[in-house]
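Residue numbering restarts at 1 for every chain, and letters A, B, ... go by the order of the sequence lines. Since the structure is predicted, the reported quantities are computational estimates derived from the model, not experimental observations.
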Amino acid sequence: MGNADLRDLASIRDVPFAELEGSVVAVDAHNWLYRYLTTTVKWTSDEKYTTADGVEVANLVGVVQGLPKFFEHDLIPVMVFDGAVTDLKADEVAERREKREAAEERKAAAEERGDAVEAARLEARTQRLTDTIQETTRELLERLDVPVVEAPAEGEAQCARMAAAGTVDHAGSEDYDTLLFGAPTTLRQLTSKGDPELMDLAATLEDLGLDRQGLVDVAMLCGTDFNEGVRGIGPKTAVKAVTEHGDLWGVLDARDAEIPNAEAIRELFMDPPATKVAIDTDVNPDVPAAREYVVDEWGVAADEVERGFERIAESQVQTGLDRWT
DNA sequence: CATCGGTA
DNA sequence: TACCGATGG
């Protein structure tokens with residue numbers, strides 16, 4: 001499950017926002033939202049982002065605080081939602097559930113002994129995107145006129161294929177799967193401060209002397225979301241081995257190793273389920289409607305979102321003027 | 001997910 | 001060079 005190994009292999013460089021102006025980015029919505037649910041909620045009380053009915057609304061705050069970054073830099077976000085969980089990922093999902101349950105137990109224990117800080121920290125690990133969260137996020141995005149895409153399966157894959165097809169300029173995600181799914185470029189760190197990072201597929205392949213299939217094979221040897229890696233093989237060894245033995249099968253033969261479902265996983269990375277879509281990039285947020293939804297309909301404290309809405313409105317004025325000059 | 005200290 | 005467990009974000 002360690003695909004952080006890919007960071008060592010990928011060609012990544014910082015790019016100033018100025019170089020990205022006008023770009024359309026297919027953002028993995030789950031990934032993006034998750035950052036806000038773990039960071040925004042983390043150090044605050046549960047009640048603050050929960051309605052009287054116990055409905056989680058931190059996502060709404062996250063969206064309002066997170067989107068201005070795109071608008072202010074003249075980037076057009078396309079939010080891509082996950083579809084069905086891939087069968088192959090069943091193991092991984094089960095593993096996550098176990099981790100989550102373990103974290104929930106520890107959190108309960110922390111609460112028991114009155115350790116609020118520890119409990120809050122663990123809370124972050126037990127968060128997940130409920131149906132309500134997905135639904136209210138979509139409703140808000142609709143009011144902000146942000147394009148939304150439903151992926152047939154992995155959101156990451158859909159983002160990557162949209163980038164590969166030229167439907168968007170870049171994929172946007174914090175992790176590395178988009179590289180394996182074939183995104184020519186992926187923007188990372190769109191949520192944090194400072195300039196984003198651009199992960200470049202062609203440059204990566206050039207550096208490693210591999211083709212895309214070779215890169216997928218390397219990743220599979222190191223371990224991906226869908227398979228355990230081969231014991232004793234890390235990024236360096238994997239590149240050397242694939243170069244030497246030609247492909248995944250050659251390496252597995254030589255080492256007398258096996259990867260369950262290797263054929264299917266390899267195919268999944270090379271040609272993942274994704275749908276062709278057209279994106280309307282003429283985005284005109286209806287800020288009053290969005291504010292009404294968040295504040296009046298869901299009861300989020302106005303001061304939590306006011307600044308975000310202001311920033312969105314201001315950036316619209318800006319780009320509106322730009323269009324006439 | 002990133003980083004780190006420590007081990008094999 | 002890889003693996004592991006811990007930890008902060």
Could I get the full list of side chain to side chain donor-acceptor pair (under 3.5 Å) partners for A:Q189, not counting sequence neighbours? none
Which nucleotide, C:dC4, C:dT1, B:dC1, lies nearest any side-chain atom of A:R231? C:dC4
Send over the distance from A:D8 CG to C:dT1 P, rounded to a whole Å. 10 Å
Side chain A:N261, main chain A:A264, donor-acceptor under 3.5 Å: no
Return the set of residues passing side chain to side chain donor-acceptor pair (under 3.5 Å) with A:E135 (not counting sequence neighbours), or none when no residue passes. none
Using atom CG of A:L6 as one end and atom C1' of B:dC1 as the other, report the distance to the nearest whole Å. 13 Å
Ring pair (Phe, Tyr, Trp, His ring centres under 6.0 Å) pairs, two or more places apart, involving residues 183-222 of chain A: none
Could you tabulate the donor-acceptor pairs under 3.5 Å formed by side-chain atoms of residues 230-240 of chain A, not counting sequence neighbours?
none

Using distance only, find each side-chain donor-acceptor pair of residues 15-26 of chain A under 3.5 Å and give its atom names and separation, not counting sequence neighbours.
{"unit_1": "A:S23", "atom_1": "OG", "unit_2": "A:L20", "atom_2": "O", "d": "2.7"}

Without decimals, in angstroms, what is the distance between A:L221 CG and C:dA2 C1'? 14 Å
Taking N or O atoms only and anything under 3.5 Å, show me the protein contacts with nucleotides 2-8 of chain B, one pair per line.
{"unit_1": "B:dA2", "atom_1": "OP1", "unit_2": "A:R7", "atom_2": "NE", "d": "3.2"}
{"unit_1": "B:dA2", "atom_1": "OP1", "unit_2": "A:Y176", "atom_2": "OH", "d": "2.4"}
{"unit_1": "B:dA2", "atom_1": "OP1", "unit_2": "A:R188", "atom_2": "NH2", "d": "3.1"}
{"unit_1": "B:dA2", "atom_1": "OP2", "unit_2": "A:Y176", "atom_2": "OH", "d": "3.3"}

